[in-house]
J.: 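So that we are looking at the same thing, I have put the structure below in structure tokens.
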Amino acid sequence: MPVQFFDTYTRQLETFRPLDPAGKAVKLYTCGPTVYNYAHIGNFRAYVFEDLLQRHLEARGYVVERVMNLTDVDDKTIRGCRNLGVRLADFTKTFKDAFFADLDTLRIKPAQAFPAATDYVERMIAMIADLVEKGIAYQAEDGSLYFRISKFPDYGKLAHLNLDELRPSGRIANDEYEKESVGDFALWKAWDEADGDVRWESPWGPGRPGWHIECSAMATALLGDEIDIHCGGVDNIFPHHEAEIAQTESCTGKKFVRTWLHNAHLLVDGAKMSKSAGNFYTLRDLVEKGWTGREIRYALITVNYRLPLNFTLDEGLPGARAALGRIDEWARRLAEKATALPSAAPAELAALVEGFFTALDDDLNISGAMGQLFDLIRDSNRALDAGTLDDDAAAALLAAWQRINAVLCFEADAVAIPAEVLALVEERKAVRAAKDFAASDRLRDAIAALGWVVKDSKDGQKLSPK
Ligand code: AMP
Ligand code: ZN
């Protein structure tokens, strides 16, 4: 079965075919965080899903080029830096750095590029100027520029919206009254006092870009006019992604995105986790409570991305801890048994390994894939218990686990060996060379007392945590 995804634009499962004529390279754009605060685990649900997407495509032989933007200028970042009386760049740097550290904690593969919006303002201005020239953008009385959605017939198709609902009926008492139509969205916001010293010069006076044009500019600058996959949470569909399509396609005349993928929300008591609702946990909150990055990754990644994930502290994370313990124990048993070169795994176990990957081919069906993995663990544990799994078959399963783990990244962190244990191992090497086996046994006990097991093999001593 080829890889297939549920495309938000067509609302159908579609066979995945990249633009690359060789069928190998995949251009992936993912909307990144607004760096005004620490990201919460709802945001990280989006980034973990995108990581699963990237890693599964790579497991299937694709070469993924991923770009994730950082929104480092908008109302929230400006408010944040002005409240603290610091420069915008200094304010956002703290949260950019925190974001990269958090990605690392969650074992999310870094994108090839993390463009920051403030580095692309010139390109945004050039795109807006193009839209003005084409009669698609207009300047309102306050100096701001808007996109005239009536000039883009496909507007609303991604969100499957009825545009009549966006037409004004009677007087509209909001601060967007200067727009020709309520649906028109801002491309450029004229400077006002609340912006302080955050301003760029433009042909239309000082101001700053709108959020939507930021992504259009960065995506096309780094990936070109056409990209394969664009992701974000469902809240990004409208207006953000709808606006990205309208702006980009009006500038380039080409189809911007082949496949749109959107993750459902992470919920708390049935409501979207969000900063504004105040019902959020940052990654740091959970790490402080004693949960590890891989446990949080497990809890976020193992629910199918199009299903809402109801997050509770007393269910998802303890479940993740137990499941990872089971996986660790299985991998440890396999490693212990795998002392020969890998052969083919028994057919019924090999089928479960392939079942893991084919489940993911089906719109990243992770619950199906995890079902196959746990069947594999159960059945191979039984064979190990019964003594019917040969060393070379265990080695083949261990290699299969490494392939699976390249997608999941669930393997336990390697534990650093303490210096005093290493010193005892060295001493033991010397006494063994001198054939003093009584001393060697005493040292083995001393090492065990420090929590480490030492085993002798033909390649020397092998250490593992108890
Ligand atoms: P923001 O910083 O609000 O622009 O969000 C960054 C990314 O996180 C976007 O792709 C959002 O759609 C996504 N996101 C925000 N809140 C949630 C949530 N509660 N669950 C899942 N994804 C979310
Ligand atoms: Zn975006």
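Side chains included, hydrogens not; waters and symmetry mates left out as well; all remaining heavy atoms used. Every number for a ligand or one of its atoms is a count from 1 in the order of the listing. The chain is numbered in sequence order, starting from 1.
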J.: For atom 4 (O) of ligand 1, find the nearest protein heavy atom and state the residue, atom name and distance (0.1 Å precision).
T.: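 Ranking protein heavy atoms by distance from atom 4 (O) of ligand 1, first comes Thr34 OG1, 3.8 Å.
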J.: With atom 16 (N) of ligand 1 as the reference point, say which of Lys272, Glu50, Lys76 has the nearest heavy atom.
T.: Lys272
J.: Would you say the Zn ion (ligand 2) has His212 as a near neighbour, meaning an N/O/S atom of that residue under 2.8 Å away?
T.: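 Given the 2.8 Å cut-off, His212 does not count as a ligand of the Zn ion (ligand 2).
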J.: Let's go through Arg17 and Asp228 carefully: what are the C-alpha distance in whole Å and the side-chain angles of both, what is the deciding distance for salt bridge (charged side-chain N to carboxylate O under 4.0 Å, His left out) to 0.1 Å, and is it a yes or a no?
T.: CA-CA 8 Å; Arg17 279 190 204 89; Asp228 291 295; over 6 Å; no
J.: Which protein heavy atom lies closest to atom 19 (N) of ligand 1, and at what distance to 0.1 Å?
T.: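 Minimum-distance protein heavy atom for atom 19 (N) of ligand 1 reads Met273 O, 2.9 Å.
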J.: Heavy-atom contacts under 4.0 Å between Thr30 and ligand 1: side chain, backbone, both, or neither?
T.: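 Neither; no heavy atom under 4.0 Å.
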J.: Quick one: does NZ or CZ of Arg294 land under 6.0 Å from the six-membered ring centre of Phe410, within 45 degrees of the ring axis?
T.: no
J.: Do any nitrogen or oxygen atoms of Val234 come within less than 3.5 Å of a nitrogen or oxygen of ligand 1?
T.: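 No, no N or O pair falls under 3.5 Å.
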J.: Is the terminal nitrogen or CZ of Lys96 (NZ for Lys, CZ for Arg) located under 6.0 angstrom from the six-membered ring centre of Phe114 and within 45° of that ring's axis?
T.: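 No cation-pi geometry.
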J.: Does His241 bring an N, O or S atom to under 2.8 Å of the Zn ion (ligand 2)?
T.: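 No - counting backbone and side chain alike, His241 has no N, O or S atom under 2.8 Å.
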J.: Only heavy atoms of Ala264, strictly under 4.0 Å: list the atoms of ligand 1 that pass.
T.: 21 (C)
J.: Heavy atom to atom 13 (C) of ligand 1, shortest distance: which of Ser276, Ala46, Gly232 holds it?
T.: Ala46
J.: Just to be sure I read this right, does ligand 1 sit under 4.0 Å from the backbone of Lys275, its side chain, both, or neither, counting only heavy atoms?
T.: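 The answer is neither.
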J.: So which protein heavy atom does atom 20 (N) of ligand 1 come closest to, and at what separation?
T.: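 For atom 20 (N) of ligand 1, the nearest protein heavy atom is Leu266 N, 2.7 Å.
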J.: Are any of the heavy atoms in Ala39 under 4.0 Å away from ligand 1?
T.: no
J.: Arg45 to ligand 1: N or O pair under 3.5 Å?
T.: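 There is no such contact.
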J.: Output yes when the distance from some N or O of ligand 1 to some N or O of His265 is under 3.5 Å, and no in every other case.
T.: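 Between His265 and ligand 1, no N or O pair is found under 3.5 Å apart.
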J.: Determine yes or no for a side-chain-to-main-chain donor-acceptor pair under 3.5 angstrom, with Lys24 supplying the side chain and Gly61 the backbone.
T.: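 Present.
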J.: What is the ring orientation for Phe152 with Phe147, classed by angle as parallel under 30°, tilted 30 to 60°, or perpendicular over 60°?
T.: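 Perpendicular, since the angle between the ring planes exceeds 60°.
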J.: Ring centres under 6.0 Å, that's the criterion: do His262 and His241 meet it?
T.: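 Ring-ring flag for His262/His241: true, centres closer than 6.0 Å.
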J.: Mind checking whether Trp330 and Trp401 have ring centres under 6.0 Å apart?
T.: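 Under 6.0 Å, so yes.
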J.: So is Asp235 polar-close to ligand 1, meaning N/O to N/O under 3.5 Å?
T.: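 In this structure, Asp235 places an N or O atom under 3.5 Å from an N or O of ligand 1.
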J.: Which residue holds the protein heavy atom closest to atom 22 (N) of ligand 1, what is that atom called, and what is the gap in Å?
T.: Gly42 O, 3.1 Å
J.: Before signing off on this row, confirm whether Gly32 and ligand 1 have an N or O atom pair separated by under 3.5 Å.
T.: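 So ligand 1 has no N or O lying under 3.5 Å from an N or O of Gly32.
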J.: Going by the ring pair (Phe, Tyr, Trp, His ring centres under 6.0 Å) test, name the single residue among Tyr38, Tyr47, Tyr36 that passes it with Phe99.
T.: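 Answer to the ring pair (Phe, Tyr, Trp, His ring centres under 6.0 Å) test with Phe99 among Tyr38, Tyr47, Tyr36: Tyr47.
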J.: Go through ligand 1 atom by atom and flag the ones less than 4.0 Å from a non-hydrogen atom of Asn236.
T.: 9 (C), 10 (O), 11 (C), 12 (O)
J.: To the nearest 0.5 Å, what is the distance between OG1 (Thr30) and CG (Asn69)?
T.: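 The CG atom of Asn69 is 7.5 Å from OG1 of Thr30, to the nearest 0.5 Å.
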J.: State whether the side chain of Asp142 and the backbone N or O of Ser144 hold a donor-acceptor pair below 3.5 Å, judged by distance alone.
T.: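 Confirmed, Asp142 side chain pairs with Ser144 backbone.
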J.: Is the His212 to Phe185 ring centre distance short of 6.0 Å?
T.: yes
J.: Can a donor-acceptor pair be found, under 3.5 Å and without considering hydrogens, that links the side chain of Thr358 to the backbone of Gly355?
T.: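 Looks like yes, one N/O pair under 3.5 Å.
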J.: Is it the case that the side chain of Gln139 and the backbone of Gly143 share a donor-acceptor pair, with hydrogens and angles ignored and the cut-off at 3.5 Å?
T.: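 Yes, Gln139 side chain to Gly143 backbone: donor-acceptor pair under 3.5 Å.
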J.: Under 4.0 Å, counting heavy atoms only: does Tyr47 come that close to any atom of ligand 1?
T.: yes
J.: Under 4.0 Å from any heavy atom of Asn263, which atoms of ligand 1 are there?
T.: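 Per the distance check, 21 (C), 22 (N).
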J.: What residue and heavy atom of the protein are closest to atom 1 (P) of ligand 1, and at what distance?
T.: Asn43 ND2, 4.0 Å
